[in-house]
Amino acid sequence: MNAVDRGEHEQEIARELEKLRARLTGTLVEPDDPLYDDARRVWNGMVDVRPRAVVRASAVSDIDPVLAAVQHTELPLAVRGGGHNVAGHGTVEGGLVLDLGALRRVEVDPQTRRVTVEPGATLADVDRATVPHGLAVPLGVVSATGVAGLTLGGGVGWLTRSNGLSLDNLVDAEVITGTREHLHADAEHNPDLFWGIRGGGGNYGVVTSFTFRARELPRPCWAET
């Protein structure tokens, strides 16, 4: 691509990002924004890349416009949940970051022992919601870890030996695909997708909700510090 083409392409990206900004309930952060360095920062400080823009979503409704912008601009996309990934997969050089870290709601149904978690929630968010009910979801070992990335990658934690991996306790999920289909995935509905997001690979879409089977929390529960 020559200089003229690059310039025109950048102008087209800028126009698409302005359209995206107007459709968001959250915020679009670009390199000239004072919040940019904070927005691009991930947990592993050794990962230091500069995205073209970061979308800080404030609602699930922000996801569709981001996916549309990616289709139009062909910018690479990184999806960030809790932002704890050591390899830095929650960011991308020169691309668009969809930061779901503000979506942290956790709902507990003590009767069915089902726990529904938004994609930005951390282990600490889940524990705070489940412990008062005497329940625990088999997750990881560090409270700052994001539930989404941990689960989609397997999920090894304190309760793994007795209750399996985090993905073994995933009952269903809501997914928005790259073509912006909104799908419910469980053992009976879209089972191939359900298999895929539970360790079968990547790039299936953006998971907007996880529902887990919670376990009874042992009493007493001991931990070393």
So how far is it from [X] [atom1] to [Y] [atom2], rounded to the nearest 0.5 Å?
X      : Y      : atom1 : atom2 : result
Thr73  : Leu96  : OG1   : CG    : 6.5 Å
Leu183 : Phe194 : CG    : CZ    : 13.5 Å
Arg40  : Leu35  : CZ    : CG    : 13.0 Å
Glu118 : Glu107 : CD    : CD    : 7.5 Å
Asp186 : Thr211 : CG    : OG1   : 9.5 Å

Evaluate whether atom [atom1] of [X] has more than 12 neighbouring non-hydrogen atoms of other residues, nucleotides or ligands under 6.0 angstrom away.
X      : atom1 : value
Glu12  : CD    : yes
Glu216 : CD    : no
His133 : NE2   : yes

Can you give me every donor-acceptor pair (side chain of residues 138-156, partner residue at least two apart or in another chain, under 3.5 Å) with its distance?
residue, atom, partner, partner atom, Å
Thr145, OG1, Val142, O, 3.0
Thr151, OG1, Val147, O, 2.9

**Study point:** Check ion pair Arg80-Asp99 (N to O, under 4.0 angstrom)
**Key:**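 Counted as a salt bridge, because a side-chain N and a carboxylate O are separated by less than 4.0 Å.
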**Study point:** Pair Asp125 + Arg105, salt bridge at N-O below 4.0 Å
**Key:**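 A salt bridge is absent here (no side-chain N lies under 4.0 Å from a carboxylate O).
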Check your understanding: If you look at every heavy atom in Ala173 and Val207, which pair is closest and at what distance?
Key -> CB-CG1, 4.0 Å
Practice item. Provide the closest heavy-atom pair for Leu135 versus Ala214 in the form atom of the first, atom of the second, distance. Key: CB-CB, 4.1 Å
Point to revise | Pair Arg198-Asp168, salt bridge (charged side-chain N to carboxylate O under 4.0 Å, His left out): steps then yes or no | key: CA-CA 8 Å; Arg198 291 181 303 129; Asp168 294 325; 5.4 Å; no
Review point. Backbone N or O of Ala185 within a donor-acceptor pair of the Asn190 side chain at under 3.5 Å?
Key: no
Review point. Side chains of His189 and Asp172: donor-acceptor distance under 3.5 Å anywhere?
Key: no
Side-chain polar contacts of residues 16-24 - donor-acceptor pairs under 3.5 angstrom, sequence neighbours left out - could you list them?
residue, atom, partner, partner atom, Å
Glu18, OE2, Arg21, NE, 3.3
Glu18, OE2, Arg21, NH2, 3.2
Arg21, NH1, Leu28, O, 3.1
Arg21, NH2, Glu30, OE2, 2.6

